[in-house]
Amino acid sequence: MQFEFTEEQRLIQNMASEFFRDRGSSEALRAALESERGYDADIWRQMAQELGFAGLTVSDAYGGQGLGLVEAAIVYEQMGRTLLPSPMLGTGVLAATAIEHAGSETQKREWLPQLAGGNRCAALAVCGRGGAHGSARVDAVLEDGRVHGTYRFVLDAQAADLIIAAARRQDEVMLVALPRDGVEVERHVSLDLTRPHHTVRVRGVEPRWELPGSGAAALDVAIQRACILLAAEQTGAAAEALDRTVAYARERVQFGRAIGSFQAVKHRLADMMIQVEAAISAVYFAACSADEAPATLPQMASLAKVQATETLTFCAANMVQLHGGIGFTWEHDAHYFFKRARASATLFGSVAEHQERLAVHMGLEGEAVS
Amino acid sequence: MKLGFTPEQEAFRGEVAAWLEEQLSGPFAHIRGITSQTAMAEERHAWERALGAAGWSAIGWPARYGGRDADLAQQVIFAEEYARARAPGRLGHMGVELAGPTILHFGDDAQRQRFLPKISAGEEMWCQGYSEPGAGSDLANVRTKARLESGPDGRRWVIEGQKIWTSLAQFAQWCFVICRTEEGSRGREGLSYLLVPMDQPGIDVRPIRQMTGEADFNETFFDGAVTAEENVVGAPGDGWRVAMGTLAFERGVSTLAQQMQFRNELAQIVDAAKANGAAQDPLIRQRLAKAWRGLQIMRASALRMLSGADSGALSGPAFTYKIYWATWHRELGDLAMDVLGQSGEIAEGDDYAFDDLQRMYLFSRADTIYAGTNQIQRNLIAERALGLPKEPRGTGQQ
């Protein structure tokens with residue numbers, strides 16, 4: 001038992017930190033958001049192909065790095081500091097994990113090295129009209145060999161060469177691979193500019209292939225693992241919001257003093273740090289527990305997601321508040337953090353949903369909120 | 001990064017659990033589950049001696065002073081098993097967790113030989129003489145004075161002044177006291193860290209009844225109290241540095257034992273909620289889940305803090321840990337009362353004496369005050385960890 005980073009984990013942290021500091025400036029973020037794809041293809045190529053970030057947790061037998069959630073969380077935390085958009089979460093975690101858990105050997109051999117190497121992208125389409133994540137809420141159907149359904153809030157669908165979609169066949173949730181050109185993808189103008197939502201409409205499309213494993217189990221694992229990595233990303237964003245706000249509070253002078261010398265301001269910054277430390281603890285505890293004891297993944301996912309959501313929501317809101325008027329402008333980056341916080345809070349389930357799952361895990365029977 | 005334990009560590013766990021079970025279902029069955037600081041003190045002193053005799057009192061200490069040189073994993077395991085066995089609150093806490101480590105790090109060899117074996121053997125209990133009526137959050141405003149004088153057995157310190165909030169002083173044989181030893185000095189300068197025997201005519205301990213109705217704390221008056229010249233830890237005048245070192249030990253492994261107590265409390269609240277139907281209330285369920293989340297986070301934060309303790313520099317959680325647990329525990333008190341409903345407002349018997357959860361609700365109001373109020377903690381985090389400018393100081397110090 002030693003709850004600190006190993007030498008190797010420190011190296012990964014340094015590498016990720018250096019890369020994102022170098023490539024993830026405010027100017028780079030704004031340029032990426034202006035581009036047609038919504039992300040910088042060159043930065044993504046470097047991340048995915050040179051640094052192997054697309055396939056961090058994909059097993060090395062299929063061309064990935066074969067790393068644990070702890071190592072992946074380290075990278076996501078550093079990435080979160082920059083808010084840089086990329087298809088990493090959709091391709092490298094959601095779609096790749098679903099394929100690795102439910103795909104046939106042939107499917108895995110064909111697709112995972114492509115995704116892990118960053119040569120191709122894939123998206124996972126789950127949410128139905130209700131917008132809820134998770135296998136229990138799938139409402140698309142697979143009938144007579146064709147998929148019918150409307151998928152909402154799909155991440156990274158624009159960039160995807162392949163869409164892994166969940167659909168019900170009788171009572172069973174199946175995963176199928178849909179060809180990108182057979183489906184209609186609409187990219188929405190989204191509150192969080194850095195992570196646009198897509199709607200994918202599928203009107204009687206024949207899948208390219210079916211994944212033979214349990215769709216429900218694979219979906220849940222993919223979303224739960226994504227929860228932990230999203231939480232790591234939220235934690236990085238919160239830490240960055242804190243750092244930038246501290247820097248501002250040290251230099252901004254009013255009443256003849258740096259505003260950071262006033263307790264009304266410094267106590268809020270202290271509260272932000274308390275939140276950031278809680279999120280770091282929650283994320284790495286969750287990642288490490290899930291790596292060592294995969295049976296704990298469901299509750300660890302909820303633990304990390306809820307804490308990181310609370311942390312980033314608090315820190316981003318205070319980033320706006322403590323910057324005063326400038327924090328309300330489009331020109332300042334604070335609004336990107338604030339909007340990322342809002343969108344991340346509901347992605348993969350709200351705080352209330354996850355806490356209800358934790359309540360059930362604690363042994364509190366009763367009417368689970370549906 | 002690793003959370004799991006090796007087979008050797010699990011074997012150690014078995015050894016600890018077996019010893020605790022044997023003692024607490026045998027000779028010490030009558031004090032099992034006592035969480036009050038003051039109840040059955042004599043029996044709990046006997047328990048301290050039993051822990052000491054079996055080598056379980058201060059397992060992280062070097063073997064030559066009665067410890068076991070236990071590593072972090074073993075200390076984690078011991079804390080977990082101690083709580084699981086519902087062993088009583090440690091009367092020896094102040095000696096084992098604060099006085100002992102301070103003497104080990106800042107004391108000289110003679111002091112280590114004299115004091116450490118008595119602490120680890122459970123012979124001598126300790127208390128802490130820091131706060132004064134005029135020195136609470138502003139601890140450096142200490143006014144208790146000590147001066148060296150000749151006595152029948154050589155030179156000795158003679159102490160005049162008053163300390164307050166001295167927990168467990170009524171059961172202690174020794175007290176570590178911050179005194180002003182340089183006439184006319186102010187603030188952090190001119191303070192010394194003295195070790196003072198409690199059983200002497202110059203010391204008067206008066207209990208302070210607190211809102212729980214009990215008296216965990218005391219006022220301690222020093223009126224010509226004495227201690228030998230050699231009982232100063234560190235150099236005379238260097239007491240502030242030593243005193244701050246002691247406070248750092250509060251962030252040590254004892255936090256793990258405390259967390260285990262918290263876990264037991266949450267389990268009691270969950271049981272109560274299941275029994276009275278509160279567990280069906282969606283808002284209560286959310287709050288119980290939030291409390292569970294905080295418990296996992298405290299565990300992870302403590303492990304981060306302790307795993308990194310050897311690296312010297314204070315890591316993030318070392319700054320945020322106190323305010324986090326104190327605030328969490330205070331909220332747990334509120335939650336307990338909301339779960340209990342109006343039953344929580346009634347005592348079992350005729351005295352103003354309440355059960356564990358009711359007492360916890362009241363006592364947890366002190367958590368965000370002692371050992372640095374939440375407000376002081378925020379100042380420390382902002383100024384020391386985040387590097388923000390200091391609040392300008394007033395000039396009205398006495």
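In what follows, every chain begins at residue 1, and chains take the letters A, B, ... in the order their sequences are listed.
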Colleague: In Å, rounded to the nearest 0.5 Å, how long is the span from CD of Q280(B) to CD of E365(A)?
Modeller: 9.0 Å
Colleague: Quick check for you: among A278(A), A286(A), S302(A), A279(A), which has the greatest number of heavy-atom pairs under 4.5 Å with chain B?
Modeller: A278(A)
Colleague: Rounded to the nearest 0.5 Å, how far does CD1 of I297(B) lie from CG of L303(A)?
Modeller: 5.5 Å
Colleague: Of all heavy-atom pairs between Q286(B) and V351(A), which one has the smallest distance, and what is that distance?
Modeller: OE1-O, 4.3 Å
Colleague: Taking every heavy-atom pair that is under 4.5 Å apart, which of V76(B), L288(B), V270(B) has the most such pairs with chain A?
Modeller: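 Top count of heavy-atom pairs under 4.5 Å with chain A: L288(B).
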Colleague: Sort H354(A) into side chain, backbone, both or neither according to what part of it lies under 4.5 angstrom from a heavy atom of chain B.
Modeller: neither
Colleague: Is the shortest heavy-atom distance from the side chain of Y321(B) to the side chain of E277(A) under 4.5 Å?
Modeller: no
Colleague: Within the 4.5 Å heavy-atom criterion, are Q299(A) and Q296(B) side-chain neighbours or not?
Modeller: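 No, too far: nothing below the 4.5 Å cut-off.
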Colleague: So which part of R287(B) gets closer than 4.5 Å to some heavy atom of chain A, the side chain, the backbone, both or neither?
Modeller: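 Contact with chain A is absent: no heavy atom of R287(B) under 4.5 Å.
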Colleague: Show the numbers, then the answer: is there a side chain to side chain contact (heavy atoms under 4.5 Å, CB included) between R304(B) and Y284(A)?
Modeller: CA-CA 10 Å; R304(B) 282 174 65 204; Y284(A) 290 101; over 6 Å; no
Colleague: So do the side chains of L303(B) and M1(A) get within less than 4.5 Å of each other, counting heavy atoms only?
Modeller: yes
Colleague: More than 12 foreign heavy atoms under 6.0 Å from OH of Y361(B): is that the case here?
Modeller: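 Check fails, neighbour count at 12 or below.
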Colleague: May I ask you to say whether R293(B) pairs ionically with E310(A), meaning some side-chain N is under 4.0 Å from a carboxylate O?
Modeller: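 A salt bridge links R293(B) with E310(A).
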Colleague: Name the option with the most non-hydrogen atom pairs under 4.5 Å to chain B; the candidates are A270(A), G260(A), A359(A), S281(A).
Modeller: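 Option with the greatest count: S281(A).
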Colleague: In Å, rounded to the nearest 0.5 Å, how long is the span from NZ of K390(B) to OG of S261(A)?
Modeller: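 One finds 12.0 Å between NZ of K390(B) and OG of S261(A).
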Colleague: Give a yes or no on whether the backbone of E4(A) and the side-chain of K2(B) come within a donor-acceptor separation of less than 3.5 Å.
Modeller: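 Answer holds: no.
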Colleague: Looking at CH2 of W292(B) and CG of L358(A), how far apart are the two atoms once the value is rounded to the nearest 0.5 Å?
Modeller: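 Between atom CH2 of W292(B) and atom CG of L358(A) there are 5.5 Å.
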Colleague: Heavy-atom distance under 4.5 Å to chain A: side chain of I323(B), backbone, both or neither?
Modeller: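 Contact with chain A: side chain only.
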Colleague: Could you tell me which portion of S289(A) (side chain, backbone, both or neither) has an atom closer than 4.5 angstrom to a non-hydrogen atom of chain B?
Modeller: both
Colleague: Does CD belonging to E10(B) count more than 12 external heavy atoms closer than 6.0 Å?
Modeller: yes
Colleague: Is there a donor-acceptor contact under 3.5 Å from the side chain of Q9(A) to the main chain of M1(B)?
Modeller: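 Indeed, once roles are kept as given, a pair shorter than 3.5 Å links the two residues.
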Colleague: Measure distances from V246(A) to the heavy atoms of chain B and classify the residue's part below 4.5 Å as side chain, backbone, both or neither.
Modeller: both
Colleague: About how many Å separate CG of L388(B) and CD1 of I259(A), when rounded to the nearest 0.5 Å?
Modeller: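 The CD1 atom of I259(A) sits 9.5 Å away from the CG atom of L388(B).
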Colleague: Within the structure provided, determine whether R257(A) and P389(B) are in side-chain contact (heavy-atom separation under 4.5 Å).
Modeller: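 When only atoms from C-beta onward are counted, P389(B) and R257(A) do not touch, as no gap falls below 4.5 Å.
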Colleague: Heavy-atom distance under 4.5 Å to chain B: side chain of E292(A), backbone, both or neither?
Modeller: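 E292(A) touches chain B through side-chain heavy atoms alone.
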Colleague: May I ask you to decide if F3(A)'s main-chain N or O and S307(B)'s side chain share a donor-acceptor pair within less than 3.5 Å?
Modeller: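 Side chain of S307(B) to backbone of F3(A), a donor-acceptor pair under 3.5 Å: yes, one is there.
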Colleague: Apply side chain to side chain contact (heavy atoms under 4.5 Å, CB included) to F285(A) and L3(B), showing your working.
Modeller: CA-CA 8 Å; F285(A) 186 76; L3(B) 285 166; 3.9 Å; yes
Colleague: Nearest 0.5 Å please: distance from the OG1 atom of T327(B) over to the CG atom of D271(A).
Modeller: 8.5 Å
Colleague: Residues of residues 372-387 of chain B under 4.5 Å from chain A (heavy atom pairs)?
Modeller: Q375(B), R378(B), N379(B), I381(B), A382(B), E383(B), A385(B), L386(B), G387(B)
Colleague: Please check if the number of heavy atoms outside Y324(B) that lie under 6.0 Å from its OH is greater than 12.
Modeller: yes
Colleague: Keeping Q355(A) on the side-chain end and R285(B) on the backbone end, is there a donor-acceptor pair under 3.5 Å?
Modeller: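 Looks like no, no N/O pair under 3.5 Å.
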Colleague: Within a strict 4.5 Å, meaning less than it, do heavy atoms of the M362(A) and L266(B) side chains meet?
Modeller: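 A side-chain contact exists here, since the closest heavy-atom pair is under 4.5 Å.
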